[in-house]
Amino acid sequence: MRIEIATLFPEMCEAVLSESIIGRARSKGAIEVHCHQIRAYTKDRHNRVDDSPFGGGMGMVMQAQPIYDCWRAVQAQSDLPMHTIYLSPKGKVLTQERVKELAAIPRLFLLCGHYEGIDQRVLDKIVDEEISVGDYVVTGGELPAMILTDAVARMCENVLPSSEAYEEESHYNGLLEYPQYTRPEIWEDMAVPSVLLSGHHKNISQWRTEQSQMITRERRPDLWTKWSNK
């Protein structure tokens, strides 16, 4: 898996994606993440990559030329076909199901917008899909790109110890995860459920399944309905 991130703030992305599980996966070669500075491709002598919007309005719009030249240069760096995603609040909301599908694509190009957005013409020319990480707006595409990178990368081989590390988590099978406990057995007069101390694997598995179903039904009736209909 090779992930390309085109951004005005590559240092911001590198700082996060060089840490913890994703950082270790990069160090051992399980995944590749490359952060590209869009500003490096501008032809403006003042290094500008934005201009005021046609038709008026607040803010500035990122120009097509630097983004397109960045995309072309990155595309030429590998023979792997490149699937281009624009992180945008107008995109389809990211789901675990889509994460699984994206993890099977060998190379992703993640485009981070900023200011009031990006000239639509370059989006029409290079973008395969737009993805949102939720029904809210943040100041730029960097945080959504890092969320998407983390979600996809952890599904790749040799990033986590085994597939069991993600198969029982929330959303993977359509349900929310069951509660987790660790030592001590009693904390603040609250005890760990006795079934988890029983050593009876079948009963533990049944308890976890029941808890997942109950939590999903109470907290996310939309997910519960979808799961039940399957």
Side-chain angles (χ1 to χ4, degrees), residues 1-38 62 67 70-71 74 80 82-118 123 126-161 163 165-177 180 215-216 219-220 222-223 226:
M1 163 66 70
R2 179 177 172 129
I3 299 177
E4 322 277 5
I5 301 178
T7 169
L8 297 178
F9 302 96
E11 296 85 359
M12 174 182 176
C13 298
E14 282 287 356
V16 173
L17 298 174
S18 296
E19 298 292 335
S20 189
I21 293 171
I22 305 303
R24 291 195 294 272
R26 293 175 70 185
S27 296
K28 68 182 182 181
I31 57 168
E32 290 185 55
V33 179
H34 303 274
C35 301
H36 308 276
Q37 173 58 269
I38 295 172
M62 291 180 68
I67 292 171
C70 176
W71 179 83
V74 172
L80 291 172
M82 202 161 68
H83 183 77
T84 300
I85 298 170
Y86 174 42
L87 283 306
S88 164
K90 293 189 290 186
K92 290 185 178 180
V93 176
L94 184 64
T95 64
Q96 188 64 39
E97 190 61 35
R98 186 57 184 147
V99 167
K100 284 189 259 184
E101 295 168 352
L102 292 173
I105 299 175
R107 190 181 184 204
L108 302 177
F109 182 95
L110 308 184
L111 175 57
C112 302
H114 221 69
Y115 312 122
E116 291 303 308
I118 292 176
L123 300 180
I126 70 172
V127 170
D128 296 303
E129 66 174 313
E130 296 188 18
I131 288 180
S132 167
V133 294
D135 293 332
Y136 51 87
V137 177
V138 293
T139 55
E142 286 73 24
L143 289 173
M146 288 186 279
I147 289 171
L148 178 57
T149 298
D150 187 289
V152 170
R154 65 195 304 277
M155 303 287 293
C156 297
E157 189 175 359
N158 297 323
V159 173
L160 297 180
S163 61
Y166 55 74
E167 287 177 352
E168 293 189 6
E169 291 182 333
S170 294
H171 300 289
Y172 185 83
N173 292 314
L175 295 173
L176 301 181
E177 190 179 7
Q180 297 278 15
I215 291 170
T216 305
R219 300 183 187 180
R220 291 292 302 273
D222 55 325
L223 293 180
K226 185 177 180 181

Checking Leu143 against Met12 for the side chain to side chain contact (heavy atoms under 4.5 Å, CB included) test, could you report, in this order, the C-alpha distance in whole Å, the side-chain angles of both residues, the deciding distance, and whether it holds? CA-CA 9 Å; Leu143 289 173; Met12 174 182 176; 4.0 Å; yes

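- Heavy atoms of other residues, nucleotides or ligands lying less than 6.0 angstrom from NZ of Lys28 number more than 12.
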Apply the test side chain to side chain contact (heavy atoms under 4.5 Å, CB included) to residues Glu4 and Leu108: give CA-CA distance (whole Å), side-chain angles for both, the deciding distance (0.1 Å), then the verdict. CA-CA 6 Å; Glu4 322 277 5; Leu108 302 177; over 6 Å; no

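- Rounded to the nearest 0.5 Å, atoms CE (Met82) and CZ (Arg2) are 9.5 Å apart.
- Surrounding NZ of Lys100 are more than 12 heavy atoms belonging to other residues, nucleotides or ligands, all under 6.0 Å away.
- Here the closest non-hydrogen pair linking Gly117 and Tyr86 is CA-OH, 4.1 Å.
- With hydrogens and angles disregarded, no donor-acceptor distance shorter than 3.5 Å links the side chain of Ser20 to the backbone of Ile22.
- Between Ser18 and Arg26, the shortest heavy-atom distance links the atoms OG-NH1, 3.5 Å.
- One finds the NE2 atom of His34 at 10.5 Å from the CD1 atom of Ile5 (value rounded to the nearest 0.5 Å).
- Summarising the geometry of Ala151 relative to Met155, their closest heavy-atom pair is O-CG, 3.4 Å, with the distance given to 0.1 Å.
- Scanning all heavy atoms of the two residues, the minimum distance from Leu8 to His114 falls at CD1-CB, 4.1 Å.
- Thr84 places no side-chain N or O within 3.5 Å of a backbone atom of Asp128 that could act as its donor or acceptor partner.
- Met146 approaches Cys13 most closely through the heavy-atom pair SD-CA, 3.7 Å.
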One pair to check against side chain to side chain contact (heavy atoms under 4.5 Å, CB included): Leu17 and Ile3. What are the steps and the verdict? CA-CA 11 Å; Leu17 298 174; Ile3 299 177; over 6 Å; no

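- With rounding to the nearest 0.5 Å, the separation of CG in Leu87 from CD1 in Ile147 is 9.0 Å.
- Within 6.0 Å of CG in Leu80 there are more than 12 heavy atoms belonging to other residues, nucleotides or ligands.
- Expressed to the nearest 0.5 Å, how far CD1 of Ile85 lies from OG1 of Thr149 amounts to 9.0 Å.
- Between Glu142 and Gly113, the shortest heavy-atom distance links the atoms OE1-O, 4.3 Å.
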So Val152 and Ile105, side chain to side chain contact (heavy atoms under 4.5 Å, CB included) or not? Walk me through it. CA-CA 10 Å; Val152 170; Ile105 299 175; over 6 Å; no

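- Remark: Glu129 engages Arg98 in a salt bridge, criterion side-chain N to carboxylate O under 4.0 Å.
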